[in-house]
Amino acid sequence: GQSLEQPSEVTAVEGAIVQINCTYQTSGFYGLSWYQQHDGGAPTFLSYNGLDGLEETGRFSSFLSRSDSYGYLLLQELQMKDSASYFCAVMWEGNMLTFGGGTRLMVKP
Amino acid sequence: EAGVVQSPRYKIIEKKQPVAFWCNPISGHNTLYWYLQNLGQGPELLIRYENEEAVDDSQLPKDRFSAERLKGVDSTLKIQPAELGDSAVYLCASSLDGTNTEAFFGQGTRLTVV
């Protein structure tokens, strides 16, 4: 089966950098995705790592290490609007998408 | 371009009653997902369609849940009869095809069973 673990909650201050980790116990997947979800909103796609290494998209970066069964989402220059839940998700063969439990990020002034 | 559209946004029903949710995916998207999300948790896959075919419904409680995707476009998810534990947000998502890595989600239907 698949299992993805994330911290349940992270708190940081505006302007800071925060890293949200995702560890998984699975194999044979295509890549690791990250989604953001504001309260009451729909999950929205942030990034995808198909290969090991770092992917950068503006203030957000995502990293994957298959050998370590580990990935992370890095958010820089935090803004209040970044307060949301962040989910890592594994993309499987055949376009399967399995989500972790999510990390609730609270950004404080 | 319109995103994934779901209706209704909110639904309150009494237990043992039936309920149906509707999803209109992004035009041209072949893959459609239904997820269930409980408060404070990640989305859990219920069923996945590739065009009209349900290719993964292993997590769908088939004694009370059913789904269909006629003509490979719109989809409906039905619960009959609903139980108190079915209260959750039901999310629909779509993606272009099996090679596409981004799924687009609708706003979801928040179901409350009383």
Quick one: closest heavy-atom pair of B/Ser87 and B/Asn38, and the distance? O-OD1, 3.5 Å

Distance col, row B/Asn51:CG vs B/Lys71:NZ, nearest 0.5 angstrom, shows 14.5 Å

Kindly compute the distance separating CZ (B/Arg48) from CD (B/Gln59), expressed to the nearest 0.5 Å. 12.5 Å

Locate the shortest heavy-atom distance separating B/Arg69 from B/Pro25; write the atom from each residue and the value. NH2-CG, 3.9 Å

Would you confirm whether A/Gln6, through its side chain, and A/Cys88, through its main-chain N or O, come within 3.5 Å as a donor-acceptor pair? yes

B/Tyr35 and A/Leu97: side-chain contact (heavy atoms from CB on, under 4.5 Å), yes or no, with the steps? CA-CA 10 Å; B/Tyr35 284 89; A/Leu97 193 58; 3.2 Å; yes

Using only non-hydrogen atoms and a strict under-4.5 angstrom cutoff, which residues of residues 74-85 of chain A touch chain B? none

Euclidean distance, A/Leu73 CG relative to A/Ile20 CD1, rounded to 0.5 Å: 5.5 Å

Leading residue by heavy atom contact count with chain A [cutoff under 4.5 Å; candidates B/Arg110, B/Glu44, B/Gln37]: B/Gln37

Crowding at NZ, B/Lys62 (>12 non-hydrogen neighbours, <6.0 Å): yes

Distance-only criterion, 3.5 Å: show the donor-acceptor pairs between side-chain atoms of residues 2-20 of chain B and protein atoms not counting sequence neighbours.
from: B/Gln6; atom 1: OE1; to: B/Cys92; atom 2: N; distance (Å): 2.9
from: B/Gln6; atom 1: OE1; to: B/Gly108; atom 2: N; distance (Å): 3.0
from: B/Gln6; atom 1: NE2; to: B/Tyr90; atom 2: O; distance (Å): 2.9
from: B/Arg9; atom 1: NE; to: B/Gly108; atom 2: O; distance (Å): 3.4

Going from OG on B/Ser75 to CD1 on B/Ile47, what distance comes out if it is rounded to the nearest 0.5 angstrom? 7.5 Å

Looking at B/Ser94 and B/His29, what are the two nearest heavy atoms and their distance? OG-ND1, 2.8 Å

Could you give me the CA-CA distance, side-chain angles and deciding distance for A/Tyr70 and A/Tyr24, then say whether ring-ring contact (aromatic ring centres under 6.0 Å, His included) is met? CA-CA 6 Å; A/Tyr70 164 75; A/Tyr24 55 87; 8.8 Å; no

Heavy atoms under 4.5 Å from chain B: which residues of residues 102-109 of chain A carry them? none

Nearest-0.5 Å distance that lies between atom SG in B/Cys23 and atom CZ in B/Phe105: 10.5 Å

Residue-level interface, residues 32-69 of chain A with chain B, non-hydrogen cut-off under 4.5 Å: A/Ser33, A/Tyr35, A/Gln37, A/Gly40, A/Gly41, A/Ala42, A/Pro43, A/Phe45, A/Tyr48

